[in-house]
Amino acid sequence: MLQVAYIRENRAQVLERLAVKNFKYPELVDEIIKLDEDRRQTQSKLDAISAEANAAAKQIGDLMRQGKKEEVEAIKANTGSLKEQIKTLSDQFNELEQQLQQQLVQLPNLPHLSVPKGTSADDNEIVLEHGIKPNLIANALPHWELAAKYDLIDFELGNKIAGAGFPVYKGKGAKLQRALINFFLDRAEAADYREVQPPIVVNEASGFGTGQLPDKEGQMYHIGMDNLYLIPTAEVPITNLYRDVIVKEEELPIKNCGYTPCFRREAGSYGAHVRGLNRLHQFDKVELVQLAHPDQSYQILDEMNTHVQSLLQALELPYRVLRLCGGDMSFTASLTFDMEVWCAAQARWLEVSSVSNFETFQSNRLKLRFKGKEGKPQLVHTLNGSALALPRIVASLLENNQTENGIRIPKALVPYTKFEWIN
RNA sequence: GGAGAGAUGGCCGAGUGGUCGAAGGCGCCUUCCUGCUAAGAAGGUAUACGGGUGACUGUAUCGAGGGUUCGAAUCCCUCUCUCUCCGCCA
């Protein structure tokens with residue numbers, strides 16, 4: 001959520017930035033400015049009358065102590081109309097605040113100046129490509145067939161007990177999951193992230209804090225009876241650890257990481273592109289979350305970017321880094337880098353990580369601030385990134401590393417899997 | 001799920017319907033003092049939104065929301081959460 005004062009004072013710039021995200025209702029900006037104007041005027045009136053009423057009440061108190069009953073009655077005669085005015089104005093004020101809030105949450109975050117214009121994934125800027133695409137053996141198989149061939153993942157069985165998109169990992173397939181999670185967590189720990197294990201359901205306030213709610217209910221599984229949501233990413237619970245918190249400036253940056261399963265309804269997805277592990281309703285992911293000083297957040301974004309790349313390099317996977325264009329970025333982000341790995345048998349790039357700086361968009365909703373020795377509390381910048389999401393990593397490992405003799409596990413992972421081959 | 005108790009500032013904790021944005025303690029910050037691993041003294045120390053170039057100032061906030069009252073941390077109602085005991089259970 002953008003800050004009203006910022007919108008008010010930087011109207012032209014806000015409009016210009018929103019255009020980069022192809023925001024469809026720029027008139028909302030002026031509606032917000034108008035509502036804010038009304039709100040402030042109403043507050044001024046309300047405050048003045050409340051002050052008057054407070055003064056009268058205080059005076060009555062003094063007079064009562066002196067036993068001057070008649071004078072008290074004279075003052076009381078006036079307070080009735082003050083009360084009515086206060087009631088009317090505060091109703092107005094609450095209404096205006098509510099409207100303002102409703103409008104504000106509809107504005108997406110402003111993209112960073114480096115974000116290219118564009119309308120779809122085709123307009124994303126390829127920042128770099130790393131590694132060499134493997135030459136596959138003849139009769140190379142896509143990962144879903146490899147998973148069946150080596151009895152690693154059972155999509156049918158998952159279908160039976162839950163539904164499509166909930167695979168069952170078996171034997172070395174299951175061990176590979178566990179190995180990847182531990183590998184990613186160890187790497188995060190080595191980079192000074194503190195590991196946390198958050199709940200995998202969250203309440204509404206948490207969903208609002210990181211920007212999933214309102215409006216994106218359809219992407220999350222909802223437990224109606226208890227009004228809880230299954231998390232779509234660990235970003236939600238981990239960032240919300242700091243909701244309504246004022247941290248000390250010298251504690252920044254605050255680095256947390258965590259492994260969780262993630263749940264996504266993925267309503268409307270279909271076709272060959274969602275086969276196998278390409279798109280699931282439940283998957284595992286290790287997430288990095290940082291709270292940063294505004295002066296440092298872009299440097300930290302680069303560091304996170306580098307961290308994710310180091311994981312892909314360790315896993316010997318060819319990858320590329322994209323700078324997302326305005327049209328492909330999320331509602332909440334200021335700048336996002338996506339990492340995609342090459343899946344050789346499908347001959348496709350698959351997104352495995354998304355690293356973003358949200359600047360103050362989330363922290364404004366979360367009321368997450370920092371305070372130095374002097375001065376007012378300021379909103380922190382929040383950042384997060386997948387490091388990494390498992391399914392497409394597995395897809396790529398299986399497809400890229402298939403040989404006549406089985407599937408080779410990359411060296412860095414062998415201490416975790418305790419096996420070098422799947423065969 | 002049943003019964004009871006409770007929710008006050010960073011923490012602990014007091015609070016009679018007016019003198020309470022809130023005693024006291026701890027913590028923290030600044031200054032002073034004392035030459036010694038420390039102690040003492042003074043002052044300061046919530047947040048949001050307004051108004052003012054600024055010093056400053058108004059309003060709101062004692063779990064949340066309503067109500068009673070000229071006036072509510074204090075009285076009433078609803079909700080949420082926490083704790084204790086019982087039940088169930090990994």
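Since the structure is predicted, the reported quantities are computational estimates derived from the model, not experimental observations. Residue numbering restarts at 1 for every chain, and letters A, B, ... go by the order of the sequence lines.
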Self-check item: Proximity to the side chain of A:Lys83 - top-ranked nucleotide from B:G50, B:G71, B:G58
Solution: B:G71

Quiz item: With respect to the side chain of A:Ile60, which nucleotide from B:G18, B:U59, B:G50 is positioned closest?
Solution: B:G18

Quiz item: Which base, if any, makes a Watson-Crick or G-U wobble pair with B:A7, both distances under 3.5 Å?
Solution: B:U80

Practice problem: Would you check if the distance from the ring center of A:His381 to the ring center of A:Tyr298 is below 6.0 Å? | Solution: no

Self-check item: Option from A:Phe166, A:Phe263, A:Phe155 for which ring-ring contact (aromatic ring centres under 6.0 Å, His included) with A:His281 holds
Solution: A:Phe166

Quiz item: Centre of A:Phe370's six-membered ring, under 6.0 Å away, within 45 degrees of the axis: is that where NZ or CZ of A:Lys248 sits?
Solution: no

Quiz item: Does NZ or CZ of A:Arg178 lie under 6.0 Å from the centre of the six-membered ring of A:Tyr416, at an angle within 45° of the ring axis?
Solution: no

Exercise. When you get a sec, tell me which of B:A48, B:G67, B:G50 is the closest nucleotide to the side chain of A:Lys87?
Key: B:G67

Quiz item: Distance between the C1' atoms of B:G63 and B:G6, in whole angstroms?
Solution: 11 Å

Quiz item: For B:G50, does either OP1 or OP2 sit under 4.0 Å from a side-chain N or O belonging to A:Lys45?
Solution: no

Quiz item: Paired with B:A55 by Watson-Crick or G-U wobble geometry, both distances under 3.5 Å: which nucleotide is it?
Solution: none

Quiz item: Roughly how many Å is it from CD1 in A:Ile246 to P in B:A48, rounded to a whole number?
Solution: 6 Å

Practice problem: Determine the sole option in A:Thr79, A:Leu82, A:Asp47 for which the side-chain contact (heavy atoms from CB on, under 4.5 Å) test with A:Glu52 is passed. | Solution: A:Leu82

Quiz item: When rounded to the nearest Å, what value does the distance between C1' atoms of B:U47 and B:G40 take?
Solution: 34 Å

Quiz item: Reckon A:Arg40 has a side-chain N or O less than 4.0 Å from the OP1 or OP2 of B:C49?
Solution: no

Quiz prompt | Pairwise C1' distance for B:G50 and B:U84, with rounding to whole Å | solution = 46 Å

Quiz item: OP1, OP2 of B:G58 versus side-chain N and O of A:Asn54: anything below 4.0 Å?
Solution: no

Practice problem: Nearest-nucleotide wise, let me know which of A:Gln43 and A:Asp47 is further upstream toward the 5' end of RNA chain B. | Solution: A:Gln43

Practice problem: Please measure how far the P atom in B:A73 lies from the corresponding atom in B:A60, and state the result in whole Å. | Solution: 10 Å

Self-check item: Paired nucleotide for B:U47 [Watson-Crick or G-U wobble; both distances under 3.5 Å]
Solution: B:A60

Quiz item: When the C1' atoms of B:A7 and B:A55 are considered, how many whole Å apart are they?
Solution: 39 Å

Quiz item: Does the side chain of A:Arg39 get closer than 4.0 angstrom to OP1 or OP2 of B:C49 through an N or O atom?
Solution: no

Exercise. Using whole Å, report how far CD of A:Glu97 lies from P of B:U59.
Key: 17 Å

Quiz item: So what does A:Ala51 touch, heavy atoms closer than 4.0 Å: a base, only the sugar-phosphate, or nothing?
Solution: sugar-phosphate

Practice problem: Please report, rounded to the nearest Å, how far the P atom of B:C49 is from the NZ atom of A:Lys367. | Solution: 9 Å

Quiz prompt | Atom CD of A:Gln313: over 12 foreign heavy atoms under 6.0 Å | solution = yes

Quiz item: Of the nucleotides B:A60, B:A48, B:G51, which has the atom closest to the A:Arg369 side chain?
Solution: B:A48

Practice problem: Evaluate the ring planes of A:His307 and A:Tyr193, with Trp represented by its six-membered ring, and classify them as parallel (under 30°), tilted (30 to 60°) or perpendicular (over 60°). | Solution: tilted

Self-check item: d(CG, A:Leu82; P, B:U69) in whole Å
Solution: 16 Å

Quiz prompt | Residue matched to B:A41 through Watson-Crick or wobble contacts both under 3.5 angstrom | solution = B:U31

Quiz item: Can you tell me the Watson-Crick or wobble partner of B:A22, both distances under 3.5 angstrom?
Solution: none

Practice problem: Sticking with atom P, work out how far B:A64 lies from B:C81, rounded to a whole angstrom. | Solution: 15 Å

Quiz item: Looking only at atom P, what distance separates B:U45 and B:G51, rounded to whole Å?
Solution: 24 Å

Practice problem: Could you check how far CG of A:Asn203 sits from P of B:C79, rounded to whole Å? | Solution: 20 Å

Self-check item: Gap between atoms CD and P, on A:Gln59 and B:U19 respectively (whole Å)
Solution: 14 Å

Quiz prompt | Nearest-Å distance for atom pair NZ/P, residues A:Lys371 and B:C28 | solution = 16 Å

Quiz item: Which value, in whole Å, describes the distance between the P atoms of nucleotides B:A14 and B:U68?
Solution: 31 Å

Exercise. Kindly point out which of B:G18, B:A48, B:U59 is positioned nearest to the side chain of A:Pro377?
Key: B:A48

Quiz prompt | Spacing between A:Asp244 atom CG and B:A64 atom P, to the nearest angstrom | solution = 12 Å

Quiz item: Any chance CZ of A:Phe419 has more than 12 other-residue heavy atoms, nucleotides or ligands included, within less than 6.0 Å?
Solution: yes

Quiz item: Taking for each residue the nucleotide of RNA chain B bearing the nearest heavy atom, is the 5' side occupied by A:Ser44 or by A:Gly80?
Solution: A:Ser44

Exercise. Tell which nucleotide pairs with B:C88, taking only Watson-Crick or G-U wobble pairs whose two distances are both under 3.5 angstrom.
Key: none

